[in-house]
Every structure is written in C-alpha cells, then in structure tokens.
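Lettering of chains follows the sequences in order, A, B, ..., and the numbering in each one begins at 1.
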2 protein chains.
Amino acid sequence: MNLSKTSKYAFRVLGYMAKDEKALYSARQLYRENNVPEKYLRRLLTHLSKFGFIKSIQGRQGGFTFARDISKIFLIEIVEAIDGTESIRGCILGYKKCAFNFSCPMHDIWEDAKVHVINTLSNTSLKDIQNKMVETDSFL
Amino acid sequence: MNLSKTSKYAFRVLGYMAKDEKALYSARQLYRENNVPEKYLRRLLTHLSKFGFIKSIQGRQGGFTFARDISKIFLIEIVEAIDGTESIRGCILGYKKCAFNFSCPMHDIWEDAKVHVINTLSNTSLKDIQNKMVETDSFL
DNA sequence: ATAAAATGCTATCAATTAGTAGTATTTAAC
DNA sequence: GTTAAATACTACTAATTGATAGCATTTTAT
C-alpha cells in the first residue's frame with residue numbers, strides 16, 4: 001500500500017487541470033498553483049503525456065491539456081502508471097507469491113481493506129473531483 | 001497511504017513470533033525464517049524493543065520475546081511506530097493542513113477508504129493472526 | 001576465569017526516490 | 001529571419017530509505 005510523493009503531485013496537478021478540462025495550462029501555472037518543484041513537475045508532465053493522460057503542445061503558446069475524456073481517467077490508472085501495479089495491489093508483507101499460490105498470514109484480514117481502497121481509486125475519475133477544488137494556498 | 005518495507009519486515013517477524021507467543025526467539029531464527037536481511041533485522045529488533053512490543057534478553061541463551069499481551073498489540077501501532085502517524089493518516093495529496101482547516105479536493109472521496117484501512121489496522125491484533133501462519137518458504 | 005553465544009551500537013555503504021541545472025528544440029509573433 | 005515563450009532531454013545532485021560491517025557488551029556453560 002504505497003503512494004509515492006510523485007503520485008501525489010500528479011493528483012494535485014491533474015485535479016487542478018480538471019477544473020477546466022478543456023483549457024490549456026502552462027507548466028509555469030501548474031507548478032505555481034500546486035506547490036510542486038518546477039523542474040520536477042516539468043519532467044512529470046512529460047511522463048504524464050507519454051502515459052496518455054495529457055498531451056503537450058510545443059512552442060510559444062504551448063502547454064498541456066487532457067488527451068482523453070476526464071470522466072474516463074481513473075485515479076488508479078494514475079498511481080499504477082507512476083508507482084507500478086504492486087504499489088497498491090501488492091501483499092502487505094511484501095511477499096511476491098502471496099495470493100497466487102499461497103496466502104500470507106495477514107492476507108484475509110488485509111484483503112477487505114485493500115479491495116476498498118482499490119475500488120475507491122478504480123471508481124473515481126478526475127471528473128468526479130472536478131468541482132471540489134479549493135484555493136491551493138490553503139494547504140501550505 | 002504508505003507502508004515502508006521496514007514495516008512489512010516488522011509484520012513478518014512479529015506475526016511469526018505470535019505463533020508461539022511465550023517463546024524466546026533468537027535473531028538468527030527470525031531472519032532465517034522470515035527472509036529479512038540479518039543486520040537489518042537485528043537493528044529493527046532493538047527498535048521494536050524500544051517501542052515496547054518485544055523485549056530482549058541479552059547474553060548466551062538470550063533472544064526476543066513479547067513484552068506485552070499480543071492481543072493488545074494492534075497492527076496500526078506497529079506501522080505508526082515505524083513509519084510515523086502521517087504515513088497512514090496523512091492527506092492523499094500530501095497537504096499538511098488538509099482536514100484541519102480545509103479539505104483537499106480528494107478528501108471526501110478518499111476519507112472512506114482511508115477510514116476502512118485505519119479501522120482494519122486498529123482492530124487487528126497480533127493475536128488475531130496467530131494461527132494463520134504458513135511455511136514462509138512458500139512466499140519466496 | 002574463559003570461551004561461546006547471544007544482543008547493542010555506531011559508522012558507513014548502497015539503492016531508490018526526489019529535485020536541479022543547463023541546454024536543445026519547437027512554434028508563433030513580430 | 002529573429003526573438004520570445006513555451007516544452008524536451010539528459011546528466012547530475014540531494015535526501016531518504018534499506019542494508020552491511022565491525023566491534024562492544026552481556027550472560028551462561030564449562
């Protein structure tokens with residue numbers, strides 16, 4: 001059960017972009033408004049482009065905009081693209097084969113909570129959080 | 001939502017020890033049976049002693065045994081001792097003040113899943129997983 | 001007493017993840 | 001065509017986390 005800082009950054013930025021889903025955002029606006037280090041975000045944005053969540057428009061007046069319908073971009077896709085599938089779905093004890101051939105001692109107890117998390121992330125799209133954005137300064 | 005590798009190691013070892021809750025285990029037996037690097041586990045064991053989960057008995061014929069009733073050692077205590085309280089309870093976007101003065105855009109959607117995880121970890125003691133242990137080799 | 005078998009401590013190394021710097025490339029305005 | 005404003009790329013640095021090494025200390029068996 002792991003959510004890297006990078007995934008958190010992605011959530012912040014994509015959530016922010018979802019507010020106006022058709023708009024074109026410059027990297028500058030995105031790192032300023034979401035408290036993500038500039039260069040780190042720039043790299044993350046090109047990754048998110050390669051993953052197909054957003055697309056970049058180069059050159060003067062360029063920026064980033066969604067590449068797909070945001071009602072079809074689910075949070076779990078974002079985490080899995082960045083942190084890998086094991087990060088969320090993996091065994092709580094870190095055993096590779098757990099739930100495949102065998103179950104670890106904590107498997108049953110953990111399964112239920114894990115499924116709940118996976119379902120939440122799988123059923124929530126960027127569209128679902130579209131109108132929940134607040135002033136980001138509030139969170140500093 | 002974070003569970004470090006170290007916490008996973010702690011779960012493995014404490015879960016293993018719970019099988020025979022009154023027994024005295026040597027570090028040697030513990031790292032062999034639970035696939036945790038020797039030196040790393042030794043350090044972890046002294047941490048777990050300082051946290052009060054287990055106690056160490058020094059000298060020849062020494063080892064580790066539980067310091068408290070295992071029906072009162074809940075999984076969440078273990079994670080929080082090792083990874084800190086924010087690791088599980090923190091904001092999904094990583095904002096410090098979220099849920100204090102303000103809520104982040106994903107707060108509501110995430111809250112439910114998070115509470116589920118926290119409840120599972122808070123309500124599960126080492127006693128609860130006592131008889132679920134299997135051969136550890138199975139997970140390699 | 002001494003040796004053996006255990007834990008304790010501290011410093012260091014390695015791997016992973018997060019963050020930065022600098023330059024190249026693309027495109028539109030003029 | 002030149003400049004300005006944007007993204008793209010690559011190599012490097014820093015911070016965190018995981019792992020190791022080596023020696024010190026404690027206690028029991030002999």
task = Applying side-chain contact (heavy atoms from CB on, under 4.5 Å), run through B:Ile73 and B:Ile78 and close with a yes or a no.
result = CA-CA 8 Å; B:Ile73 299 180; B:Ile78 301 169; 4.1 Å; yes

query = Can you tell me if the side-chain N/O atoms of B:Ser26 get under 4.0 Å from OP1 or OP2 in C:dA5?
reply = no

inquiry  = Under the criterion side-chain contact (heavy atoms from CB on, under 4.5 Å), I'd like the reasoning laid out for B:Phe66 against B:Phe53: C-alpha separation, chi angles, the key distance, then a yes or no.
reply    = CA-CA 6 Å; B:Phe66 283 108; B:Phe53 300 123; 5.5 Å; no

query = Which whole-number value in Å describes the distance from A:Gln61 CD to C:dC30 C1'?
reply = 13 Å

query = Which nucleotide span of DNA chain D, 5' end to 3' end, has atoms closer than 4.0 Å to non-hydrogen atoms of chain B?
reply = D:dG18 to D:dA29

request  = Measure the distance from CG on B:Leu41 to C1' on C:dA6 and round it to the nearest whole Å.
outcome  = 14 Å

task = Give a yes or no on whether a salt bridge exists between B:Glu38 and B:Arg28, defined as a side-chain N under 4.0 angstrom from a carboxylate O.
result = no

key: Whole-Å distance separating the CZ atom of B:Phe64 from the C1' atom of C:dA5   = 13 Å

remark   = To the nearest 0.5 Å, atom CE of B:Met1 lies from atom CZ of B:Arg89 at 10.0 Å

request  = Provide, to the nearest angstrom, the distance between the CG atom belonging to A:Leu44 and the C1' atom belonging to C:dT20.
outcome  = 15 Å

request  = Show the numbers, then the answer: is there a side-chain contact (heavy atoms from CB on, under 4.5 Å) between A:Phe102 and A:Tyr95?
outcome  = CA-CA 10 Å; A:Phe102 305 94; A:Tyr95 289 122; over 6 Å; no

message = By the 4.0 Å heavy-atom rule, please label B:Ser49 as base, sugar-phosphate, or nothing.
response = nothing

ask   = Can B:Ile92 and A:Phe11 be said to form a side-chain contact (heavy atoms from CB on, under 4.5 Å), step by step?
value = CA-CA 9 Å; B:Ile92 190 178; A:Phe11 279 170; 3.9 Å; yes

note = Contacts of B:Lys39 and A:Tyr25 projected onto DNA chain D by closest heavy atom; the upstream (5') one is A:Tyr25

task = Mind calculating the distance between CZ (B:Arg42) and P (C:dT10) to the nearest angstrom?
result = 17 Å

task = Could you state the atom-to-atom distance from CD of A:Gln58 to C1' of C:dA28 in whole Å?
result = 13 Å

ask   = Does anything in residues 81-94 of chain A reach DNA chain C, meaning a heavy atom under 4.0 Å, and if so which residues?
value = none

ask   = Whole Å only: how far is the OH atom of B:Tyr40 from the C1' atom of C:dC9?
value = 16 Å

ask   = Relative to each other, are the rings of B:His116 and A:His116 parallel, tilted or perpendicular (30° and 60° limits)?
value = parallel

request  = Using a heavy-atom cut-off of under 4.0 Å over every strand shown, decide if B:Lys55 touches base, sugar-phosphate, or nothing.
outcome  = nothing

query = Has A:Thr6 got a side-chain N or O lying under 4.0 Å from the OP1 or OP2 atom of C:dA18?
reply = yes

query = Taking all atoms of both residues into account, what is the closest heavy-atom pair of A:Ile129 and A:Gly15, and its distance?
reply = CD1-CA, 3.9 Å

Residue B:Arg60, side-chain heavy atoms: nucleotide from C:dA4, C:dT10, C:dT7 that is nearest = C:dA4

message = Within the 4.0 Å heavy-atom criterion, would you say A:Lys8 contacts the bases, only the backbone, or no part of the nucleic acid?
response = nothing

message = If the cut-off is 4.0 Å, is B:Lys5 near the phosphate of C:dT16, judged by side-chain N/O to OP1 or OP2?
response = no

key: Ion pair check, B:Glu77 and B:Arg68, cut-off under 4.0 Å   = yes

ask   = Does a nitrogen or oxygen in the side chain of A:Tyr9 sit under 4.0 Å from OP1 or OP2 of C:dA18?
value = no

request  = Could you tell me whether A:Leu45 contacts a base, only the sugar-phosphate backbone, or nothing, with contacts defined as non-hydrogen atoms closer than 4.0 Å?
outcome  = nothing

request  = Establish whether the base of C:dG8 is bridged to the side chain of B:Arg43 by a donor-acceptor pair shorter than 3.5 Å.
outcome  = no

ask   = Are A:Lys127 and A:Glu21 within salt-bridge range, i.e. N to O under 4.0 Å?
value = yes

